[in-house]
*Asks:* 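Mind having a look at this structure? Questions to follow.
These values consider heavy atoms only, across backbone and side chains, with no hydrogens, waters or symmetry-generated copies. All values derive from a computational prediction rather than experimental measurement.
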Amino acid sequence: MGEKCWDARCDVTGWPRLLLPLAVCVLAVATGFELVRQLHSDAIDHTVGVYVLLAELARQGVVYPPLQTTDLVYCTLYQPLAFLPYALLPGSGLDLIVSMRVLVRIEVVLSLVGVVWLLRRCGASAVAAWTSVGVLLCASPVSAALLLCIDDPRGGLLAMAAFLVFVGRRGVLHPFRAAPVLVLAFLTKLTAPCAVGVAALALCCQLRRPRALVALLGASALGTLASYLLAHGPLGWDLAGNGLRYALFDAKPGRPIGLHVTRFIGDLVCDPVTALLLFGGAAATALRILRHTWDALDVWFLVALLRAFVEYGSHGTELNHLLEPCLLGAVSLVRSVRDRHAWLALAVLPAAFLSGRPVLRLPLGDPSPLSVAPITAAVAALRAQPPAKTLCEEPLLGWLSGSRPLVTDPFLVSRVFARHPEIRDAWFSAKDDPRALQRLVLMTNPDSPDGRAERWYGALHFDAQFLADVRRLFVVVAPSDFGTVLQRK
């Protein structure tokens, strides 16, 4: 990493040198304008509700409450830094969402700057490096990360920072400086340090510096353990073990391998820019491997791509898992293209804009503000109903309306049912039992004729037995796109 990865003697000259940065600037300004417009948008998904609820709980000093209580089914394995930063932001409830969007977008922009830094370290010209940013802005995973509130940009950014700190400015390895950053990446997302850790292993093997690798891994392991114990006492050890055990052995069965591969490839075919970055980057990396000129960046990219492919087999996996491979794919691809071929970039950038999914959209009118979000009307409607023990699948709606019990992560409720069957028995006990649920607010109508309820509750939220119990004991009284209300028969 201390040396240039390819020959950059042929720099961009003439009119391409002016046109490429101008095109990137126009795209960046347009994207920034659209992001400002979307700051107060009423677009809220389930994940945003989870983060808002976890942040609100953290503000009350409840970071990891018991798995089940009389008024809350918590069940989440989110790492602490996936939601704790939101607790430090201004605002509460719906107002907090604006601050969350700002923070995540800053993290995505810093990740794009990290791509430029990596390319410059590899010897790419500034024009080529910043042109790659323009292409990335047209890729769906980057656009989705800019518009949504997810933890992937934070985890990926910290992993990238750990690698850059480890390598150092002059190629001198700094394991004790990088270890704390790697710990922060792990505390944000369990799999975040995976690819960068393997890249560090490859780099140490190339440079024959086993002591640096041992120091990095040892300091990272001790730092992670110390962080958990400091935050949670003896419970921290159990939390770390439970998280790793779930990630490795206890996750819900994913899609069949045929459907897994088909969806992965199908999504890429529908998004030519992401396909270009991933497949083009993989081809460029494979070529360097055949020529025996590969380095740690190639290993980093391949492991990130493999990890994303494996994670894509799980139900509920979306484009957020392709963010890191896209960023590294751009690095792998651009560093393989000589600047003398600048006309290729001139063709790729507009083609990416036209065929990709940039944040910039055609004018569709002003986005609806949060003040008139559908969730606002849903909260008012729930508060106007007679008091009843209500299970709310949408955590933000349940929190704002005071519904109990509410569920922060329905992905894991089936595991809670398996380990604590008394919860299911209490929820669906006799109607006159004070422990029984009297009202449900579900994200998917259980009476939907298109099989959506079976797909949603059979593979994603809760489980099939939950759906059967709901259909047996409850009746729909208020169907809607945001939340279907059901009452006990």
Side-chain angles (χ1 to χ4, degrees), residues 28-29 31-60 63 76 78-117 133 136-137 139-162 164 180-193 227 231 318-324 326-327 359 367 369-371 373 375 395-396 399-400 408-409:
V29 170
T31 301
F33 175 76
E34 183 65 14
L35 291 177
V36 171
R37 292 178 67 245
Q38 294 286 348
L39 267 181
H40 295 272
S41 169
D42 67 343
I44 304 172
D45 63 5
H46 173 75
T47 305
V48 175
V50 172
Y51 285 133
V52 170
L53 174 59
L54 294 177
E56 299 282 14
L57 289 171
R59 287 175 174 175
Q60 298 180 8
V63 178
T76 184
Y78 282 102
Q79 292 291 82
L81 293 186
F83 60 88
L84 285 180
Y86 300 134
L88 305 177
L89 298 175
S92 61
L94 293 179
D95 294 333
L96 177 61
I97 295 174
V98 178
S99 302
M100 292 166 55
R101 286 172 174 165
V102 172
L103 176 61
V104 172
R105 290 168 185 179
I106 291 174
E107 293 164 352
V108 176
V109 171
L110 290 177
S111 299
L112 295 176
V113 173
V115 169
V116 174
W117 180 269
V133 172
L136 283 168
L137 287 175
S140 291
V142 178
S143 295
L146 285 168
L147 290 172
L148 302 177
C149 294
I150 55 179
D151 58 344
D152 297 85
R154 188 175 309 125
L157 177 62
L158 289 170
M160 184 182 297
L164 292 175
V181 188
L182 208 58
V183 171
L184 294 178
F186 175 80
L187 294 178
T188 301
K189 192 176 179 68
L190 278 171
T191 56
S227 300
E318 300 295 343
L319 291 170
N320 57 302
H321 292 281
L322 296 178
L323 178 60
E324 183 181 7
C326 271
L327 297 176
V359 174
L370 280 170
S371 58
I375 192 173
L396 184 56
W399 177 260
L400 295 176
T408 61
D409 196 347

*Asks:* Just do the side chain to side chain contact (heavy atoms under 4.5 Å, CB included) check on K189 and D152 with the steps written out, would you?
*Replies:* CA-CA 7 Å; K189 192 176 179 68; D152 297 85; 3.2 Å; yes

*Asks:* Can you see whether Q38 engages E34 through a side-chain donor-acceptor pair at a distance of less than 3.5 angstrom?
*Replies:*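 Note: Q38 and E34 side chains meet the donor-acceptor criterion.
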
*Asks:* What's the spacing between L112 CG and E107 CD if we round to 0.5 Å?
*Replies:*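 Nearest 0.5 Å value for the CG-CD distance: 12.0 Å.
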
*Asks:* From S111 OG over to L146 CG, what is the distance, rounded to the nearest 0.5 angstrom?
*Replies:*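 One finds 9.5 Å between OG of S111 and CG of L146.
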
*Asks:* Taking S92's backbone N and O only, do any of them form a donor-acceptor pair with E56's side chain (distance below 3.5 Å, no angle check)?
*Replies:*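 Looks like no, no N/O pair under 3.5 Å.
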
*Asks:* Calculate, to the nearest 0.5 Å, the distance between atoms CG and CD belonging to L184 and Q79 respectively.
*Replies:*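 Nearest 0.5 Å value for the CG-CD distance: 11.5 Å.
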
*Asks:* Tell me whether the guanidinium CZ or amine NZ of R154 lies under 6.0 angstrom from the six-membered ring centre of Y51 and within 45° of its axis.
*Replies:*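 Not flagged: R154 not positioned over aromatic ring of Y51.
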
*Asks:* State the CG-CG distance between L400 and L53, to the nearest 0.5 angstrom.
*Replies:*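 Rounded to the nearest 0.5 Å, the CG-CG separation comes out at 9.5 Å.
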
*Asks:* Using a 3.5 Å distance criterion without hydrogens, assess whether the side chain of R59 forms a donor-acceptor pair with backbone atoms of L54.
*Replies:*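 Checked: no pair found.
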
*Asks:* Applying the side chain to side chain contact (heavy atoms under 4.5 Å, CB included) criterion to V108, which one of V142, L147, V113 satisfies it?
*Replies:*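 The single option meeting the side chain to side chain contact (heavy atoms under 4.5 Å, CB included) with V108 is V142.
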
*Asks:* Could you measure the distance from the CG atom of L158 to the OG1 atom of T188? Nearest 0.5 Å is fine.
*Replies:*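 L158 CG to T188 OG1: 5.0 Å, rounded to 0.5 Å.
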
*Asks:* How long is the gap from CG on L89 to CE on M100, to the nearest 0.5 Å?
*Replies:*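 One gets 8.0 Å once the value is rounded to the nearest 0.5 Å.
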
*Asks:* Are the side chain of R105 and the backbone of L35 linked by a donor-acceptor contact shorter than 3.5 Å?
*Replies:*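 Yes, because the side chain of R105 sits within donor-acceptor range (under 3.5 Å) of the backbone of L35.
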
*Asks:* Please report the C-alpha distance between Y86 and V52 in whole Å, then the side-chain angles of each, then the deciding distance to 0.1 Å, and finally whether the side chain to side chain contact (heavy atoms under 4.5 Å, CB included) criterion is met.
*Replies:* CA-CA 8 Å; Y86 300 134; V52 170; over 6 Å; no

